[in-house]
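Accompanying notes for the structure given below.
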Amino acid sequence: MLVRDAMSTVVLTIGPAHTLRQAARLMAERRVGAAVVLDTDAGGLGILTERDILVSIGSGQDPDRETAGTHTTTDVVFAAPRWTLEEAADAMAHGGFRHLIVLDGDGPVGVVSVRDIIRCWAPGRSRSRPQPGALVA
């Protein structure tokens with residue numbers, strides 16, 4: 001199976017000036033665990049994850065003052081839609097992260113997460129997300 005078969009095509013793109021609270025609200029609304037940060041001044045793409053927000057808030061920083069740009073990972077490993085899920089999982093395990101931005105041509109076309117890969121590999125599981133509070137057998 002390939003990354004294009006597992007990735008989420010919901011790509012939340014934000015700017016580096018978004019506050020962490022704004023980013024968290026947008027991520028929650030779209031039910032995604034990462035946002036692609038497009039910084040045209042710095043000339044590239046980065047990623048802000050739910051863990052980045054959690055670390056900031058957990059260390060006492062103000063989510064209304066901290067910006068996405070300050071907490072963005074810019075040393076990003078990108079995946080291609082034609083990668084196998086094994087290649088994506090290997091990149092994640094090797095790099096110690098849980099999300100890959102999927103690039104096709106010049107821009108992001110998706111994000112693949114460890115959860116997406118597990119859903120594909122787990123027998124008898126659908127790709128749909130369980131409802132909040134639902135028990136998963």
Side-chain angles (χ1 to χ4, degrees):
M1 188 169 275
L2 302 177
V3 164
R4 71 172 160 248
D5 302 318
M7 71 183 190
S8 170
T9 56
V10 176
V11 180
L12 172 60
T13 304
I14 63 173
H18 277 81
T19 66
L20 293 187
R21 185 177 307 280
Q22 291 170 324
R25 187 185 74 251
L26 292 168
M27 290 164 66
E29 287 172 359
R30 287 163 181 80
R31 297 187 61 178
V32 296
V36 174
V37 181
L38 176 60
D39 189 345
T40 54
D41 292 336
L45 296 175
I47 191 165
L48 177 73
T49 67
E50 56 200 357
R51 184 167 304 236
D52 297 324
I53 295 169
L54 182 67
V55 167
S56 173
I57 293 171
S59 68
Q61 294 177 333
D62 183 351
D64 292 314
R65 290 180 181 248
E66 293 296 313
T67 63
T70 305
H71 297 278
T72 296
T73 300
T74 55
D75 184 21
V76 180
V77 175
F78 298 101
R82 66 186 177 284
W83 276 18
T84 66
L85 293 185
E86 289 81 5
E87 288 173 306
D90 185 55
M92 290 178 189
H94 181 73
F97 45 82
R98 299 179 299 154
H99 297 85
L100 286 169
I101 299 171
V102 183
L103 292 182
D104 193 13
D106 292 334
V109 295
V111 175
V112 65
S113 70
V114 169
R115 180 177 288 167
D116 296 326
I117 293 171
I118 290 170
R119 280 193 190 110
C120 290
W121 284 348
R125 301 282 186 208
S126 71
R127 284 201 63 215
S128 65
R129 294 179 184 219
Q131 294 300 313
L135 296 175
V136 178

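If you read the sequence from its start, that first residue is 1, and numbering goes on from there.
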What is the distance from atom CZ of Arg82 to atom CG of Asp5, rounded to the nearest 0.5 Å? 14.0 Å
Check the surroundings of atom CZ in Arg25: do more than 12 heavy atoms from other residues, nucleotides or ligands lie under 6.0 Å from it? yes
Gap between atom CG of Leu85 and atom CD1 of Ile118 - 0.5 Å precision: 11.5 Å
Hey, what do you get for OG1 (Thr84) to CG (Leu2), rounding to the nearest 0.5 Å? 7.5 Å
For the student: nearest non-hydrogen atoms of Gln22 and Ala17, plus distance: OE1-O, 4.3 Å
Other residues, nucleotides and ligands only: do more than 12 of their heavy atoms fall within 6.0 Å of CG on Asp64? yes
Test item: Ser8 side-chain N/O and Val10 main-chain N/O as donor-acceptor pair under 3.5 Å: yes
Output, in order, the C-alpha distance, side-chain angles, deciding distance and verdict of side chain to side chain contact (heavy atoms under 4.5 Å, CB included) for Leu38 and Leu45. CA-CA 5 Å; Leu38 176 60; Leu45 296 175; 3.6 Å; yes
Would you sort out whether Ser113 and His99 count as a side chain to side chain contact (heavy atoms under 4.5 Å, CB included), showing the intermediate values? CA-CA 4 Å; Ser113 70; His99 297 85; 3.7 Å; yes
Check side-chain hydrogen bond (donor to acceptor under 3.5 Å, both in side chains) between Thr73 and all other residues, then give those that pass, not counting sequence neighbours. none
Return the CZ to OG1 distance between Arg21 and Thr19, rounded to the nearest 0.5 Å. 7.5 Å
Going only through I, L, V, M, F, W and Y residues with side-chain contacts under 4.5 Å, is there a path from Leu48 to Leu54? no
Can you see which heavy atom on Asp39 is nearest to which on Pro16, and at what distance? CG-CG, 3.7 Å
Could you pull out the closest heavy-atom pair between Phe97 and Val114, with the gap in Å? O-CG2, 4.5 Å
Determine, using the 4.5 Å side-chain heavy-atom cutoff (strictly less than), whether Met7 and Leu103 are members of one ILVMFWY cluster. no
Test of understanding: clusters of I, L, V, M, F, W, Y form through side-chain heavy atoms closer than 4.5 Å, transitively. Do Val36 and Ile53 belong to the same one? no
Side chain to side chain donor-acceptor pair (under 3.5 Å) pairs touching residues 42-53, sequence neighbours excluded, are Thr49-Asp52
Can you get from Ile101 to Met92 by hopping between Ile, Leu, Val, Met, Phe, Trp and Tyr side chains that sit under 4.5 Å apart? no
Between His18 and Gly15 (side chain of the first, backbone of the second, donor and acceptor by atom type, cut-off under 3.5 Å), is there such a pair? yes
Side chain to side chain contact (heavy atoms under 4.5 Å, CB included) between Val32 and Val111, worked out: CA-CA 9 Å; Val32 296; Val111 175; over 6 Å; no
Of all heavy-atom pairs between Glu66 and His71, which one has the smallest distance, and what is that distance? OE1-NE2, 2.8 Å
Nearest heavy-atom neighbours spanning Ile14 and Ala68: CD1-CB, 3.8 Å
What heavy-atom pair brings Ala89 and Trp121 nearest, and what distance separates the two atoms? CB-CH2, 3.7 Å
Would a hydrophobic clustering, with Ile, Leu, Val, Met, Phe, Trp and Tyr connected at side-chain separations under 4.5 Å, put Leu100 with Ile117? yes
Check against side chain to side chain contact (heavy atoms under 4.5 Å, CB included), Thr70 and Gln61: CA-CA 12 Å; Thr70 305; Gln61 294 177 333; over 6 Å; no
